[in-house]
Visitor: 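Sharing a structure with you now.
Chain letters run A, B, ... following the sequence lines, proteins first and then strands; every chain starts at 1.
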Amino acid sequence: MQKIAVIDYGMGNLRSVSKALESVAPNAEVIVSANLDQVLSADRVVFPGQGAIGACMAELNDLALTEVVKEVAATKPFFGICIGMQLLLTHSEENGGVDGLDIFSGNVQHFELPTAKDGSHLKVPHMGWNQVHQMQSHPLWADIDQDSRFYFVHSYYATADDAAVVAGTTAYPDAFASVLARENVFATQFHPEKSAHAGLQLLKNFVNWQP
Amino acid sequence: MGLAKRIIPCLDVDNGRVVKGVQFVDIRDAGDPVEVAKRYDEQGADEITFLDITATHHNRDTIVHVVEAVASQVFIPLTVGGGIRTIADIRRMLNAGADKVGINSAAVSNPEFVREATDKFGSQCIVVAIDAKCVSAEGAPKKWDIFTHGGRKPTGIDAIEWAKKMVDYGAGELLLTSMDRDGTKSGFDLELTRAVSDAVVVPVIASGGVGDLQDLTDGVKIGRADAVLAASIFHFGEHTVQEAKAHMASQGLEVRL
């Protein structure tokens, strides 16, 4: 039986992530844990995150998880969600500037009150169901339609230096990197665990992924 | 193409059971929040809001079990409001599987609570619920104040100013209910909705007064709401969420179909 670890560093709604994984992988053991050995011994790892990135990074450091996350992101199928994606970049401007794990070279910036095409102001946070344009073929996009909608809630967005790692983009109103992928790592700004069928399909593809 | 306007069915929950009559012909138990939530999910609801109207304090644990049960089977965002007064209340709801909590009277009695909550959990999960009522005289420029206790207790606080203040304090979204329209089926208070939506940077959910599908569309098109919340038009089987979305799409609004 494969073991899927959801890294628990006290930030956010991990129950939904684990329940969604359980529903798509009924034969897997899904554990929610901050225990280093548990995470290191898992077959695949999910790295969620909500709230402020500074608090998230501080918790990771306090729990001595920073190096563990780097190690599993280098060796196992790894799925980052929301802040768990933003933390993979080099730097975020949130909370006065926070250095990330630098797994993807790039930055995280605030949406500057975007204006819609009709002149009205777009809202921040970017909250709700938006489309993800698949920029490359990837095993995790299997059985998911091009431009499917996923659930987003965030005020900061990622920009990757290397366009080749951008597996999906979303317009608000300009296109930003909503999915990053390289080798064994896949990370989404949106919440697959809250994105109904499309989100569950993505998690199912992750559970079966052999990078 | 871009961000879709959201449709959010709202369920009143009393002592762990859905009340105010939900009538789906083909579910076994219309009082079971899990069954009702699943049905709305299947219809394409973008989120579901639970309003806990349980009166007695010791029965309030039941809403936690409701959220746990629903969140295990329904994978769309869930909001819980009603009786959220402490940081511990919020933590319990989020741990149970809620994505957002609605704060209403606790924000009025102690605005700092909103700041504390958003500092702790992030703006993305704190929805401030605002119950507003028109207080200007006929013919005078429109003015709305906020009310508590189901619209019975005036506070003398201007609704637009309050909305801005709550956003300054970190609210990630506002749930705006017109107490003049609530239960009337005469449509949202579009002037109020637009005034609040234009005044703040965060998304606004319009609530109170939906009688037909055009009301939902108007809430977005004229009221500039980012999301619309409704109860009875969905509960009584008058319309499905799909029909509401098809109607909105037919008038040029972007929805998740």
Visitor: Looking at every non-hydrogen atom in both residues, tell me the closest pair between A:Arg149 and B:Val255 and how far apart they are.
Guide: NE-O, 3.6 Å

Visitor: Report, by ascending residue number, the residues of residues 150-160 of chain A in heavy-atom contact with chain B at a distance under 4.5 Å; give 'none' if the set is empty.
Guide: A:Tyr151, A:Val153

Visitor: Would a distance-only check, ignoring hydrogens and angles, find a side-chain to backbone donor-acceptor pair under 3.5 Å from B:Arg256 to A:Trp129?
Guide: no

Visitor: For A:His197, is the NE2 atom crowded, meaning more than 12 foreign heavy atoms sit under 6.0 Å from it?
Guide: no

Visitor: Measure distances from B:Glu68 to the heavy atoms of chain A and classify the residue's part below 4.5 Å as side chain, backbone, both or neither.
Guide: both

Visitor: Could you go through the side chain to side chain contact (heavy atoms under 4.5 Å, CB included) check for A:His126 and B:Leu3 one step at a time?
Guide: CA-CA 8 Å; A:His126 172 226; B:Leu3 186 63; 3.7 Å; yes

Visitor: Tell me which of these, B:Ala4, B:Pro77, B:Ala71, has more heavy-atom pairs under 4.5 Å with chain A than the rest.
Guide: B:Pro77

Visitor: Hey, mind stepping through A:Gln50 and B:Phe121 against side chain to side chain contact (heavy atoms under 4.5 Å, CB included) and telling me if it holds?
Guide: CA-CA 8 Å; A:Gln50 272 179 12; B:Phe121 303 107; over 6 Å; no

Visitor: For the residue pair A:Asn130 and B:Gly2, what are the closest heavy atoms and their distance?
Guide: OD1-C, 3.0 Å

Visitor: Heavy-atom pairs under 4.5 Å with chain A are the metric here; pick the option from B:Ala96, B:Ser123, B:Gly44 that has the most.
Guide: B:Ala96

Visitor: Closest approach of A:Met127 and B:Gln124, non-hydrogen atoms and distance?
Guide: CE-O, 4.2 Å

Visitor: Hey, does the side chain of A:Lys19 reach the backbone of B:Ser72 with a donor-acceptor pair shorter than 3.5 angstrom?
Guide: no

Visitor: Could you tell me if the side chain of A:Ser16 sits less than 4.5 Å from the side chain of B:Phe75, heavy atoms only?
Guide: no

Visitor: Does atom NZ of B:Lys38 have more than 12 heavy-atom neighbours from other groups under 6.0 Å away?
Guide: no

Visitor: Quick check against the 3.5 Å criterion: does A:Lys194 have a side-chain atom that pairs as donor or acceptor with the backbone of B:Ile76?
Guide: yes

Visitor: Just checking heavy atoms, which of residues 81-90 of chain B are less than 4.5 Å from chain A?
Guide: none

Visitor: Most heavy-atom pairs under 4.5 angstrom with chain A, which of B:Ala227, B:Gly122, B:Gly172?
Guide: B:Gly172

Visitor: Among B:Asp41, B:Asp99, B:Asp119, which residue forms the greatest number of heavy-atom pairs with chain A at distances under 4.5 Å?
Guide: B:Asp99

Visitor: Yes or no on side chain to side chain contact (heavy atoms under 4.5 Å, CB included) for A:Lys123 and B:Asp226, after CA distance, side-chain angles and deciding distance?
Guide: CA-CA 8 Å; A:Lys123 300 302 183 69; B:Asp226 301 281; 3.0 Å; yes

